[in-house]
Amino acid sequence: MEEGKAHPPEGVFAHLEMLEARAHEAAVKQAAAEQQKEQLARLEARVQELRQRRDELQAKVELQEQGQREQEGVVSDPAQHSAQTVLEWKIRKVKSTLQVFYLTGISGKLSKHGVCFCISTAYEGIYLDSYYLDLLTEPQVRIHRHSVPIFIPMEQIAKKYLQTDIRRFLSVLSDHLNAYVGRRYQADQLQEHFSDRLEGTMQRNSLCNLLVFNYNPSSKSETFPFNARLLYGDLCCSLPTEVVISCAPDAPAALAEMAAAHSDLFRRLALHKAFGSFGSAGEHVDGAR
Amino acid sequence: MDSSLCQAYKDEIQSLEEEIRLLTEKYEANQQESVSFSEEEILMSINSFQKEFQRQSGGHGFPSDLKAELESLETDLSFLMKFTGIQFTSHCKKTVEKTRNRTVQKHRLLGNCHSLSFELEFQLLEMQTKESVSTVITDLSITMESGGDSDVSKFVSRTEKHGSLLTFFRSLSSYAEWYEHRRCTFLHFKAKYPDIVALPDGLRGDYIILRNPKVSRFELMIVWKIHLDEEGRTTPVLDLLTKVPEQVLEQNRATVENAPAHFRSLLLLLGAETAIENLIKALDLEK
């Protein structure tokens, strides 16, 4: 081996640069590894902290519930609670009662120049849309803003009652809104749960008081022998006033009888419930032949 | 390897934070529901709170808004109660289930609408979907004195079956208004013509008897029924029934037999109070 062989100066520098680069890389890698270790340690610590807090809260809640089971409705000692706590408790209680008014159908709050009413709607136990009415009371009662859809005849109702009897105005408006929402709900439910018995999408207007669709009471068929036309003449009602069920002119008598029976059914029962009563076995309809 | 451990920790942190949030809400809800302060205690707190705060910072700023907030809320509440006629005398609620998307609360509500009192128990389910919060009532139980009115008991059981809390309140409101109107009208006539007007069933009954003390066995009965149909619609129906001794009947058959129809026309033209007043005056003149 030849020691002290002269290396060209470029080679040495290049070698040194390479070493420097490698050292740099190693340093960066080490820094990254340490950073990740630190991050992991931090995360682990946070997890521990949260676990502890969660366990403490859980114990507190269990204690509360145990205490509640043992003594229901005990009036607590006010001296234990600061005035602020008592006030906050009372505020929450009043807010809670105001929320119950929402469930009654008419709620609202006073505004600077009048009242802002909220009319809530529901179908049986399911609460649906709410509508807002901002009323001004000076110099006379008038509607400032509202969220009532235009196809509800609110202007007519207002003309009749708003000046003389606000309560009656709200009551009649509420009847219209609840009936509209009820009709819409029935149509939506029919479309959602019985689409296999309907031919395509049913036709309806925005007020949902005219529905036209072709259907088959049994779900196991390819044809839709019945055409239904439901007219809800009373805008405050969610049952139709006029039902026309028709089938092909050459249809067998049994079909015509069924059409008559259905016509009566749709007049008495909510649409989706009527379809529900057809059953899964279905009233078998021999449509094709 | 390390990065997956990192992710696992992050996931656990997120789920723990969610758990802590739910537990905190549950704790606070339990605190709210288990504790009860009387009105005097609340008033005392308001006063001491205000003094304490004014002492500390010259009475201006953030927490004094608490008192203003309470006053504004109470004004809203008393307005609503006066406007709708519905007063809640007691409201207890208890959170039965609380998860990220579902809250179930049990409510017990006592109150009255004008002079009719009610007691309700129901479960309120709130579900959070992507777009909105849906509210559903289940297990509705209604106690209301029907006063023997079969309409009312039928309506109540139908409403309970479908959980139609909203329909219950709206119908109750309208029924109670008519009930109150009838009660006031009966009271008014009884006070004005104590000798002629009799209320065998009292003010809560649905009829009054008119008789002239000088003419025996001649009675007019005005029946005022308030019908409540299955949908909850209220319809007041007034009718006149006559109790006439044979001889008087023979002499005035046409008049007596037409009396109910005439009463109905009077009702349509003049309204209940004026129609009844007219009848009473006519009776008074009868010798």
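Below, chains carry the letters A, B, ... as their sequence lines are ordered, and counting in each starts from 1.
Note: B:F88 CZ to A:T97 OG1 = 8.0 Å, rounded to the nearest 0.5 Å. The distance from atom CD1 of B:I20 to atom CG of A:L50, rounded to the nearest 0.5 Å, is 4.5 Å. For the atom pair B:E69 CD and A:K95 NZ, the distance stands at 4.5 Å (nearest 0.5 Å). Atom-to-atom distance recorded for B:L165:CG and A:E124:CD is 12.5 Å, nearest 0.5 angstrom. From B:L166, atom CG reaches atom CD1 of A:I106 across 9.0 Å, with rounding to the nearest 0.5 Å. Of the inter-residue distances, the one linking A:Q58 atom CD with B:K26 atom NZ reads 9.0 Å to the nearest 0.5 angstrom.
Both the backbone and the side chain of A:K93 come within contact range of chain B, judged by heavy atoms closer than 4.5 Å. Contacts between B:F168 and chain A at a heavy-atom distance below 4.5 Å are absent for every atom of the residue. Using a 4.5 Å cut-off between heavy atoms, A:Q48 does not touch chain B at all. The contact between A:F117 and chain B is made entirely by side chain atoms (from C-beta outward), counting heavy-atom distances below 4.5 Å. A:I166 touches chain B through backbone and side chain together, each having a heavy atom under 4.5 Å away.
Listed here is the closest heavy atom pair of B:F169 and A:L103: CD1-O, 4.0 Å. Residues B:F83 and A:R167 approach most closely at O-NH1, 2.6 Å, considering heavy atoms.
Between chain B and the options A:A122, A:S171, A:S238, heavy-atom pairs under 4.5 Å are most frequent for A:A122. Of the listed residues (A:L110, A:L43, A:I126, A:V61), the greatest number of heavy-atom pairs within a distance under 4.5 Å of chain B belongs to A:L110.
Checked for salt-bridge contact, A:R168 and B:E177 miss the test: no charged N lies under 4.0 Å from a carboxylate O.
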Open item on the list: Is there a side chain to side chain contact (heavy atoms under 4.5 Å, CB included) between B:R233 and A:C237? Walk through the geometry before answering.
Closed with: CA-CA 10 Å; B:R233 272 177 299 215; A:C237 194; 4.2 Å; yes
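In this structure a side-chain-to-backbone donor-acceptor pair under 3.5 Å is missing from B:K67 to A:L87.
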